[in-house]
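Structure first, then comments.
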Amino acid sequence: MKRFLIVLLLLLQVKAQAQLANYNTTEYWSQFVLERSAMKPVITGDTCLVFVSNRFIHPDSLRFVDEYLDTTSLKYFFLEKLEGKWKVYQAPSLNEAMELLPHKKDIVVYAEGMGKIFTSNVYRAQLMSRQYDVNVVMFDYSSINTTYKPSKNFRIARLNARLSAGQYLQMLQQFQKARQEDQPWISGVKLTTFYHSMGNIILEQMVQQHDISSINSTPFVDNLVINAACVPQRGHAEWVEQIRFAKQIYVHYNQTDLQLKGAHVLTLKKQLGEKASRRQRADNAIYINFHDMVGWQHSYFMNFPYNVKFKLTPAMKDYFSRLFNGQGISSHEALSLFTTSSNQSPAGAHQDIRRQ
């Protein structure tokens, strides 16, 4: 069984890298244009994003955002899609980039897992923005190198997530400051931070290895979502319970998540996104078991066009829409939400929704 899971994980990574190749072609990169710094965007629609990146930038290259980590500085980008091309503008600060997004839309700060280059992160951020009608801020760190083998990429992705934690904290400090100053782009809107798979390593390391006291006195984040977390289940309550900068914390898991089963075997540690033991849960979090609704899926928070075998049920879409729009969802409300659509999702899908 152990050997099977290792082989399966490697096959999944090979498949992911094959899919990733589509986002790394000359043709695909030609859809992205890094504009001159002196130029200003002419905003004509809502197809726009903000990226906060710690990758190296090469302004004169077609692939102007590379696959290596730069821990010395954060870069801020505003992206707008016009006539089939992404215009990418580098901004001096987060505040100036956010000012260009449509105002009065709720904000999701999105940290992805392993296997994403700049262009594939843009693809996922755009999907989230369109499906949930939110302003998306992607924390864009290097989680794969297309020249490495899958086994090395697994190690590099985890390392880079850990190394990015300090810069992620810097970004949150800027969101907190904007909230305190009631900046126009954040005034009256909800703020959600969403961590998927290895993106949760960033959160875990930020809490465990960095001084978060500067952001931790008063909640400025509405919802904090720990989704399919590729971090150890054991001991997670200790660091989750230290989080006071968010009003609500949600932990999503699926005991048959194949990718996390493989990570379990490779790390010899049960992953939080697999199963959250009732005896080891954080007192300040709501835990939701998606197993009966998603089977072996790992990315079950959006509909992905390439994944034709899986689509969110209406109940799931409603749940994630409320979550990403910053609404507080109690364990009772989540239970009611899924049972209301019980005819559209497998029986028993709601049985493990509870706060410990």
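Predicted, not measured: the structure shown is a model, and the values here were computed from it. For this chain, numbers begin at 1 and follow the sequence in order.
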TODO: First locate atom CE of Met198, then atom CG of Asn160, and finally report the distance between them rounded to the nearest 0.5 Å.
DONE: 10.5 Å
Task: Geometric cation-pi criterion Arg179 and Phe220, 6.0 Å radius, 45° cone - done: no
TODO: Would you please name every residue forming a salt bridge (Lys or Arg N to Asp or Glu O under 4.0 Å) with Lys75, sequence neighbours left out?
DONE: Asp70
TODO: Please examine the side chains of Pro184 and His103, heavy atoms only from C-beta on, and report whether any two atoms are closer than 4.5 Å.
DONE: yes
- [ ] Compare every heavy atom of Phe77 with every heavy atom of Ser53, then report the nearest pair and how far apart it is.
- [x] CB-CE1, 4.1 Å
Open item on the list: Aromatic contact between Tyr306 and Tyr23, with the criterion being ring centroids under 6.0 Å apart: yes or no?
Closed with: no
Open item on the list: Do Met98 and Leu100 sit in one hydrophobic cluster, given that two such residues count as connected whenever their side-chain heavy atoms are within less than 4.5 Å of each other, even indirectly?
Closed with: yes
Task: Asn223 side-chain N/O to Gln327 backbone N/O, donor-acceptor pair under 3.5 Å - done: yes
- [ ] Give a yes or no on whether the backbone of Val189 and the side-chain of Asp106 come within a donor-acceptor separation of less than 3.5 Å.
- [x] no
Task: Option passing ring-ring contact (aromatic ring centres under 6.0 Å, His included) with Phe290 (candidates Phe310, Phe320, Phe301) - done: Phe320
TODO: Would you sort out whether Glu112 and Ser120 count as a side chain to side chain contact (heavy atoms under 4.5 Å, CB included), showing the intermediate values?
DONE: CA-CA 10 Å; Glu112 252 293 346; Ser120 57; over 6 Å; no
Open item on the list: Could you check, using the six-membered ring where one of them is a Trp, whether Phe324 and Phe194 have ring centers closer than 6.0 angstrom?
Closed with: yes
Task: Hphob cluster co-occupancy, Val33 + Tyr28, side-chain heavy atoms under 4.5 angstrom - done: no
- [ ] Assert yes or no for the condition that the ring centre distance of Tyr168 to Tyr141 is strictly below 6.0 Å.
- [x] no
Task: Set of residues satisfying ring-ring contact (aromatic ring centres under 6.0 Å, His included) with respect to His264, sequence neighbours excluded - done: none
Task: side chain to side chain contact (heavy atoms under 4.5 Å, CB included) evaluation trace for Val108 with Tyr132 - done: CA-CA 10 Å; Val108 178; Tyr132 296 108; over 6 Å; no
TODO: I would like to know whether Asp66 and Arg55 meet salt bridge (Lys or Arg N to Asp or Glu O under 4.0 Å); could you show each step before the answer?
DONE: CA-CA 6 Å; Asp66 73 15; Arg55 301 175 189 263; 5.9 Å; no
Task: Rounded distance [0.5 Å steps], CD in Gln297 versus NZ in Lys311 - done: 10.5 Å
Task: CD1 on Ile212 to CG on Leu169, rounded to 0.5 Å - done: 8.0 Å
Task: Minimum heavy-atom distance between Gln255 and Lys261, given as atom pair plus value - done: O-CE, 2.7 Å
- [ ] Take His196 and His298 through the test side chain to side chain contact (heavy atoms under 4.5 Å, CB included) and record every step on the way to the result.
- [x] CA-CA 9 Å; His196 176 59; His298 181 60; 3.7 Å; yes
Open item on the list: Taking the side chain as everything from C-beta on, heavy atoms only, tell me whether Leu323 gets closer than 4.5 Å to His252.
Closed with: yes
- [ ] Would you mind reporting whether Leu49 and Met138 have side-chain heavy atoms less than 4.5 Å apart?
- [x] no
Open item on the list: Using a 6.0 Å cut-off, check whether atom CD of Gln173 has over 12 heavy atoms from anything other than its own residue.
Closed with: yes
TODO: Would you tell me whether Ser213 and Asp211 have side-chain atoms, one donor and one acceptor, within less than 3.5 Å of each other?
DONE: yes
Open item on the list: Could you check whether any side-chain N or O of Ser331 sits under 3.5 Å from a backbone N or O of Ile286, counting only pairs where one atom can act as donor and the other as acceptor?
Closed with: no
Task: Non-hydrogen atoms of Ile329 and Ala334 that approach each other most closely - done: CG2-N, 3.7 Å
Open item on the list: Side chains of Tyr110 and Asn121, heavy atoms from C-beta outward: is any pair under 4.5 Å?
Closed with: no
TODO: Would you check if Ile243 and Leu203 make a side-chain contact, meaning some heavy-atom pair closer than 4.5 Å?
DONE: yes
- [ ] Check whether any side-chain heavy atom of Ser197 lies under 4.5 Å from a side-chain heavy atom of Met114, and answer yes or no.
- [x] no
Open item on the list: Please identify which of these residues, Lys270, Gln271, Lys269, meets the side-chain hydrogen bond (donor to acceptor under 3.5 Å, both in side chains) condition with Thr267.
Closed with: Gln271
- [ ] Could you go through the ring-ring contact (aromatic ring centres under 6.0 Å, His included) check for Phe175 and Trp185 one step at a time?
- [x] CA-CA 11 Å; Phe175 275 102; Trp185 55 267; 5.8 Å; yes
Open item on the list: By the definition side-chain contact (heavy atoms from CB on, under 4.5 Å), identify the one residue from Met171, Gln170, Gln167 that meets it with Asn54.
Closed with: Gln167
Task: Atom of Val134, atom of Ser129 and distance for their closest heavy-atom approach - done: O-OG, 3.0 Å
Task: 4.5 Å side-chain heavy-atom contact, His236 and Val231 - done: no
Task: Backbone of Ser187 reached by a side-chain donor or acceptor of Lys104 within 3.5 Å - done: yes
Open item on the list: Using modelled atom types and a 3.5 Å cut-off, is there a donor and acceptor pairing between side-chain atoms of Asp222 and backbone atoms of Leu191?
Closed with: yes
- [ ] Give the intermediate values and the outcome of side chain to side chain contact (heavy atoms under 4.5 Å, CB included) for residues Ile226 and Ile249.
- [x] CA-CA 8 Å; Ile226 297 172; Ile249 299 172; 4.2 Å; yes
Open item on the list: Can you give me the closest heavy-atom contact between Val65 and Trp29, atom names plus distance?
Closed with: O-CH2, 3.7 Å
- [ ] Is it possible for you to say whether Val308 and Met316 belong to one hydrophobic cluster, with membership spreading through side-chain heavy-atom contacts below 4.5 Å?
- [x] no
Task: Backbone N/O of Ser142 and side chain of Glu67: donor-acceptor pair under 3.5 Å - done: no
Open item on the list: Within this structure, what is the CG-NZ distance for the pair Asp133 and Lys105, rounded to the nearest 0.5 Å?
Closed with: 4.0 Å
Open item on the list: I'd like to know if the side chain of Asn303 and the backbone of Leu312 have a donor-acceptor N/O pair within less than 3.5 Å.
Closed with: yes
Open item on the list: Are the side chains of Thr47 and Gln126 in contact, using a 4.5 Å heavy-atom criterion?
Closed with: yes
Open item on the list: Quick check against the 3.5 Å criterion: does Gln233 have a side-chain atom that pairs as donor or acceptor with the backbone of Glu274?
Closed with: no
Open item on the list: How close do Ser143 and Lys116 get, counting heavy atoms only, and between which atoms?
Closed with: OG-N, 2.9 Å
- [ ] Find the distance between CG (Asn284) and CZ (Arg244) and round it off to the nearest 0.5 Å.
- [x] 10.0 Å
Task: Separation of Thr192 OG1 from Arg322 CZ (nearest 0.5 Å) - done: 12.5 Å
Open item on the list: Restricting to ring-ring contact (aromatic ring centres under 6.0 Å, His included), what partner residues turn up for Phe56, sequence neighbours left out?
Closed with: none
